[in-house]
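Read the structure below first, then the notes.
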Amino acid sequence: MKGIRLIFVGLILFLFVQKGLAQQDSSKVQRLDEVEIGGGYYKTERSTAAIQMLTAKQIENLPTLQLSDALKYMSGVVVKDYGGTGGMKTISVRGLGAQHTGVAYDGIALTDCQTGQIDLGRISLDNVQNISLITGLDESIFKPARLFSYSNLLNIRTMPTMPSKAITAKVSFTAGSFLLLAPQLFFEHYVRSSKKEARYLIWNLSAGNTSSKGDYPYLLYYGGVQDSVSWERRQNSDILAFTTEANLTVGLDNHQFLSAKGYFYNSDRGLPSATVFYNLNASQRLSNRNGFGQIRYTNYFTPRWYYSVGAKFNYDYTHYIDPDYLNDIGYLDNEYQQYEGYLTQTLGYKILELKNEKKVNLSAALSNDIIYNQLQANTMEYVDPERYTTLTSLSVKCDNKQFVLVGNLLLTTVNNRSQGERLGKDYLHLSPALSASTLFGKSVTLRAFYKNIFRMPTFNDLYYREVGNLDLEPEKTHQWDLGAVLEPQRFAAGKMVVSASLDGYFNIVKDKIVAFPSRNLFSWTMINYGKVWVAGAEMNANYEYQFVKRYFLRLNGNVTYQKAVDRTDATGKTFNHQIPYTPVWSGSASASLQLPWVSLSYALIVCGDRYALGQNIPANLVEGYVDHSVTIGHLFDVKKCKLGFKGELLNLANKNYEIIRNYPMQGFGWRLKMWVEF
C-alpha cells in the first residue's frame with residue numbers, strides 16, 4: 001500500500017502545479033500539433049512505431065460490419081472468430097495474447113477485469129472516424145499512463161472533427177443472410193458561440209440494434225475429410241444486441257477543451273457448442289449489460305505547459321446459464337458484476353524548442369493513473385476479488401528534421417484484495433521502452449523500438465473455480481522491432497502513388513498465459529507456457545492510380561511471416577513447436593475501383609495452417625483457409641441529403657473454414673446496407 005500512498009501524494013502535487021500554471025499569462029497560448037483532443041490518433045511521417053490505419057472511407061470499401069472485420073485486413077493480426085454475428089471476436093497481434101492489445105475508445109481504454117478480453121464484435125463501425133493499430137512506442141507521449149501499458153494499442157476514434165454544418169442526421173439499415181438486421185440512427189449538433197469565436201460545442205447521439213438468427217449451414221466431418229459427412233445447421237447462434245452512445249466535445253477557448261462520453265450496451269445471445277461428432281445440441285445462454293461514462297479535460301496553459309485530467313466509471317453485468325450442466329441441481333446459473341473506477345492525469349512540458357535551422361524539440365510528459373477493479377459473483381467459493389493498480393509513466397521525446405527519439409518508463413503496482421484480506425502477492429514492476437526513427441535519403445524512414453510489458457493475470461485466470469489457476473504468474477514480454485518505411489512516392493505526373501513498409505520483429509514472452517476453450521465459449525482452461533519466442537516479419541504495400549478525374553484504382557496488400565514457438569523445456573514434447581492458433585503465414589489484399597457512379601472492391605484474406613494444441617502433430621492440425629469477398633457501393637447527392645448503398649457478397653468459395661477448431665465459420669452470405677444523411 002506504500003506505493004498507492006506515494007501516488008496520491010503525486011496527485012496532490014499535480015493539482016498544485018495546475019493551480020500555479022493557471023495563473024500564468026496565456027495570451028500567447030497556441031494548441032500544440034502533437035496532441036489531438038479526445039484521444040484522437042496522431043501520426044507523423046517518421047513514426048517510431050509500426051502504425052497501421054484505416055479511415056472511414058477505406059472501411060466503406062471493405063466487407064465490414066463490426067470492428068473485427070476491419071482488423072482482418074491489417075498485417076500481423078490474427079482475429080480469433082468463433083463464427084456468426086454473435087460469436088466472440090478477439091485479436092492476437094504478433095503472437096501476443098488478446099490481453100496485450102489495449103483498446104482505446106476516444107482516448108480512454110476499454111477494460112474487462114474478469115477475462116481481460118474485449119469482444120471486438122460489439123463495436124459497430126457506423127460512427128467510427130478511423131481506427132489505428134500501434135505496435136511499439138509512438139511519439140504521442142501526452143496520453144494516459146494506461147495506454148503505455150499495452151504491447152499494442154488499438155485506437156478507435158469516434159469523436160468528430162469540426163463539422164461542416166450545424167445539424168447532421170443519418171439513418172442506416174443493414175440486412176443480411178440468416179436474418180441479420182441492423183438499423184442505426186445518428187444525430188449531431190454543432191454550435192459555435194456568437195460572442196466568443198473560439199468557443200464551440202459539439203454533441204451527438206447514436207443508437208443501433210443488431211439481431212441475427214445465425215443458423216447457417218455447415219459441412220460436418222465425422223473423423224476426417226475422408227470419412228462420412230453430413231450437412232448441419234448451426235444451433236443456438238442467435239444474438240440480439242442494442243447499443244447507444246452520447247458524445248460531447250466543448251471548446252471553452254483557444255486552450256481549454258472538454259470531452260465526455262456515455263455508453264450502454266445490452267445483449268442476449270446463444271453460445272453454440274463445439275461441433276464434435278454427433279453432439280451438436282447447445283442450450284447455453286449469455287446475457288451482458290455494459291455501461292460506462294468518461295470525461296476528459298485538457299488545458300494548454302502556455303506554449304510549453306499543458307495538463308489533462310480524465311475519469312471513468314465502468315459497470316458490466318454478465319449472466320451465464322447452462323441448463324444441461326451436470327451438478328447437484330442439474331443446471332448452472334452464474335451472475336458476474338464488474339466495477340471499475342479510473343482516474344488519470346497527465347502533465348506535459350516542452351523543455352526546448354529551437355526554430356532555427358536545427359529545429360530541435362525536446363518535450364516530456366508525466367502521467368499517473370489510479371485504477372480500482374472489483375468483481376462480484378453469485379457462485380460458491382468465489383472470492384469476490386478487488387484489485388488496486390497504479391500506473392506512473394515518464395516519457396521524453398526529442399526530434400529534429402532528421403531524427404526522432406522517444407523514451408518511456410512505466411511503474412506498475414498491483415495489489416489484490418478480498419474483503420480487506422490480501423490475495424496472493426503484491427507486484428511492483430518497472431517497464432522501460434525506447435524507440436527511434438531517422439530519415440534515410442529523402443523518402444525512406446528507418447525505425448526501431450524496444451518495449452517491455454508486464455501483464456497481470458485476469459480475475460478469471462486466477463480465481464474462477466472452474467477455470468482459474470492460483471499459481472499463474474504475470475506475463476513479461478520483451479519486444480524488438482526494426483523497420484523501414486517508403487513514404488508515398490508520386491509518379492506519372494502525380495497520378496500514381498506508391499508506399500510500403502517492412503518490419504522485422506522478435507518477441508520474448510515469459511510465463512505466457514494461454515487460454516483454451518473447453519466445453520463452450522464461456523468455459524476456458526488457463527496455463528502458463530513458461531517461455532515463448534516470436535520471430536517474424538510483415539510487409540505492407542499500397543498503390544493508387546488516378547486515370548482521370550474521379551476515376552481511381554487502389555491496391556492494398558500485406559503479408560506476415562511469424563514463428564511463435566514454445567521454448568520452455570528442451571525435453572518437452574512441445575519444445576520449438578508453434579503455439580496454438582498462430583499461423584506461420586497470413587496475409588490479405590484488396591483492390592478497389594472508384595468510378596463516378598459506382599465503387600467496386602474485391603478483398604482476399606489468407607491464413608495458413610495452425611494447431612489447436614501445443615503439439616504440432618496431424619491430430620491437432622487446423623487447416624488454413626482463403627476467404628474472398630466482393631463489395632459494390634455508391635453515394636448519391638440528392639438536393640440537401642446524401643443517399644448511399646453498399647452490397648457485399650461474402651465468402652464466395654462457400655467454405656466453412658475454421659478459425660477455432662470445431663467452430664465452423666459461415667459459408668457464402670450477403671449483406672446490404674442503405675443509408676440517408678441529412
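Just so we're clear, the structure is a prediction, and the values are computed from it rather than from any experiment.
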- With no hydrogens and no angle check, is any side-chain donor or acceptor of T244 less than 3.5 Å from a backbone partner on S206? yes
- Item | Distance-only side-chain donor-acceptor flag, T158 / K261, under 3.5 Å | yes
- Message: Under a 3.5 Å threshold, yes or no: a donor from one side chain and an acceptor from the other, between D627 and Y625?
- Response: no
- Message: Hydrogens and angles aside, do R289 and N266 bring a side-chain donor and acceptor to less than 3.5 Å of each other?
- Response: no
- Task: Answer yes if the side chains of N290 and R122 hold a donor-acceptor pair under 3.5 Å, and no otherwise.
- Result: yes
- Query: Do the side-chain N and O atoms of E245 and N247 include a donor-acceptor pair separated by under 3.5 angstrom?
  - Reply: yes
- Query: Looking at R285 and D238, does any basic side-chain N land under 4.0 Å from a carboxylate oxygen?
  - Reply: yes
- Item | Proximity of Y325 and Y331 rings by center, below 6.0 Å | no
- Indicate the atoms forming the closest heavy-atom contact of T344 with P144, along with that distance. OG1-CB, 3.4 Å
- Have T318 and D316 got a donor and an acceptor in their side chains that come within less than 3.5 Å? yes
- Query: Is the backbone N or O of L65 less than 3.5 Å from a side-chain atom of D69, with the two atoms forming a donor-acceptor pair by type?
  - Reply: yes
- Do side-chain atoms of Q294 reach the backbone of Y105 as a donor and acceptor pair under 3.5 angstrom? yes
- Item | Exercise: do D112 and Q338 side chains pair donor with acceptor under 3.5 Å | yes
- Do W670 and L650 come within less than 4.5 Å of each other through their side chains, counting heavy atoms only? no
- Can H100 and S151 be counted as having a side-chain donor-acceptor contact under 3.5 angstrom? yes
- Task: Ignoring hydrogens and angles, state whether a donor on the side chain of N368 or Q345 is under 3.5 Å from an acceptor on the partner side chain.
- Result: no
- Are any side-chain N or O atoms of Q615 and backbone N or O atoms of H577, one a donor and one an acceptor, separated by less than 3.5 Å? no
- Is a salt bridge present between D384 and R417, judged by a nitrogen-to-oxygen distance below 4.0 Å? no
- Hey, would you say the Y388 and Y372 ring centroids sit under 6.0 Å apart? yes
- Six-ring centre of F173, K673 cation under 6.0 angstrom, axis tolerance 45°: no
- State, without any angle test, whether D268 and H319 hold a side-chain donor-acceptor pair at a distance under 3.5 Å. no
- Message: Testing the 3.5 Å rule here: is there a donor-acceptor pair between the side chains of T111 and E340?
- Response: yes
- From CA spacing to verdict: side-chain hydrogen bond (donor to acceptor under 3.5 Å, both in side chains), Q479, T477: CA-CA 6 Å; Q479 297 174 267; T477 68; 4.6 Å; no
- Here the pair of heavy atoms bringing R234 nearest to Y218 is N-CE2, 3.6 Å
- Task: Indicate whether any N or O donor in one side chain lies under 3.5 Å from an N or O acceptor in the other, for Q337 and Y315.
- Result: yes
- Message: Regarding T64 and Q66, do their side chains bring together a donor and an acceptor under 3.5 Å, going by distance alone?
- Response: no
- State whether K72 and D81 are salt-bridged, where the test is any N-O pair (Lys NZ or Arg NE/NH1/NH2 against Asp/Glu carboxylate O) under 4.0 Å. yes
- Flag yes if more than 12 heavy atoms outside K655 fall under 6.0 Å of its NZ atom; otherwise flag no. no
- Message: Taking E473 first and then K425, would you say they form a salt bridge - that is, a charged N and a carboxylate O separated by under 4.0 Å?
- Response: yes
- So, D369 versus Y342: side-chain donor-acceptor pair below 3.5 Å or not? yes
- Item | Pairing of D119 and R269 as salt bridge, 4.0 angstrom limit | yes
